[in-house]
Amino acid sequence: MTTQYWLVKSEPETYSWADFVRDKRTDWTGVRNYAARLHLKAMRPGDEVLFYHSNEGKCVVGIARVTKPAFPDTTADEDGWVAVELAPVAPLKQPVTLAQIKAEAVLKDIALVRQGRLSVMPLKSAEFVRIKKLGSG
DNA sequence: GCCAACGTTGGC
DNA sequence: GCCAACGTTGGC
């Protein structure tokens, strides 16, 4: 299976990249949206994940990796919701802002732009690479 | 099964 | 803090 690429959102006030780095790994719990759940279930260990700060920040700040595939989310009140485990790989040298992403022709169609409320979304490898490059300083 | 009302997310 | 977008809920 080839590597897949994803983007996850977190409000830095709730759980920031710094929190994530301090923790060294985290269970990505709390997703309560069917579309996002489908994406979580499709994640495989080794997949690369961009970590986006929503609200305060509005920028991609780092790269993470899937370390455990979907398992039941024990923080949910009902059965059926899942989480994955993620671990930080590296921060971006320069955060890539939403404005930068919107300005890139290659990135205009990504869900981050088109489907504003989705919290877990797939990226094509070209899209992932482009954002990574924008963040390499 | 449609659709109006409602709640939440997240950019501005 | 406001509000647009959109997902979810519930009445019919």
Side-chain angles (χ1 to χ4, degrees):
Chain A
M1 164 99 47
T2 56
T3 305
Q4 303 174 104
Y5 301 95
W6 310 95
L7 182 147
V8 298
K9 289 185 191 172
S10 185
E11 295 188 36
E13 286 180 11
T14 307
Y15 194 76
S16 69
W17 173 260
D19 295 327
F20 186 35
V21 168
R22 187 200 55 221
D23 291 346
K24 305 219 171 49
R25 52 156 296 285
T26 197
D27 289 342
W28 205 257
T29 56
V31 171
R32 302 288 182 270
N33 168 285
Y34 294 114
R37 183 175 74 181
L38 277 178
H39 299 318
L40 286 181
K41 287 182 174 179
M43 287 186 183
R44 297 289 175 264
D47 286 357
E48 297 196 67
V49 183
L50 294 176
F51 191 107
Y52 176 81
H53 277 169
S54 61
N55 290 320
E56 296 299 312
K58 280 167 289 177
C59 52
V60 178
V61 289
I63 299 168
R65 191 175 291 281
V66 177
T67 46
K68 274 186 202 163
F71 53 88
D73 180 352
T74 53
T75 70
D77 293 333
E78 29 176 10
D79 293 339
W81 298 107
V82 299
V84 296
E85 185 188 74
L86 301 178
V89 172
L92 294 181
K93 274 189 196 162
Q94 288 194 190
V96 177
T97 65
L98 182 61
Q100 279 178 279
I101 289 171
K102 283 183 169 173
E104 289 283 321
V106 197
L107 300 173
K108 275 203 311 204
D109 287 333
I110 67 172
L112 183 67
V113 176
R114 297 189 56 178
Q115 210 177 335
R117 297 182 52 190
L118 190 63
S119 61
V120 180
M121 65 198 75
L123 289 176
K124 294 182 187 134
S125 75
E127 296 163 347
F128 179 90
V129 166
R130 188 81 196 115
I131 294 172
K132 193 172 165 180
K133 192 166 185 187
L134 286 171
S136 67

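Each chain gets a letter, A, B and so on, in the order the sequences are listed, and its residues count up from 1.
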Can you give the donor-acceptor pairs under 3.5 Å from side chains of residues 108-125 of chain A to other protein atoms, not counting sequence neighbours?
none

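- Scanning for side chain to side chain donor-acceptor pair (under 3.5 Å) contacts around A:W81 gives A:E78, with sequence neighbours left out.
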Do A:T75 and A:R32 pass the side-chain hydrogen bond (donor to acceptor under 3.5 Å, both in side chains) test, and can you show the C-alpha distance, the side-chain angles, and the key distance before you say yes or no? CA-CA 11 Å; A:T75 70; A:R32 302 288 182 270; 3.1 Å; yes
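- Along DNA chain B, the stretch of nucleotides lying under 4.0 Å from any heavy atom of chain A spans, 5' to 3', B:dG7 to B:dC12.
- Contact check of residues 111-121 of chain A against DNA chain B (heavy atom, cut-off under 4.0 Å) returns A:G116, A:R117.
- Under the rule for a side chain to side chain donor-acceptor pair (under 3.5 Å), the partners of A:T26 that lie at least two apart in sequence or sit in another chain are A:Y15.
- Between A:H39 and A:W6, the ring planes are tilted. Angles from 30° to 60° get that label.
- Look at A:K68 and A:D27 and you find no salt bridge, because none of the NZ, NE, NH1 or NH2 atoms lies under 4.0 Å from a carboxylate O.
- In the hydrophobic clustering, where aliphatic and aromatic side chains (Ile, Leu, Val, Met, Phe, Trp, Tyr) are joined below 4.5 Å either directly or transitively, A:F71 stands alone.
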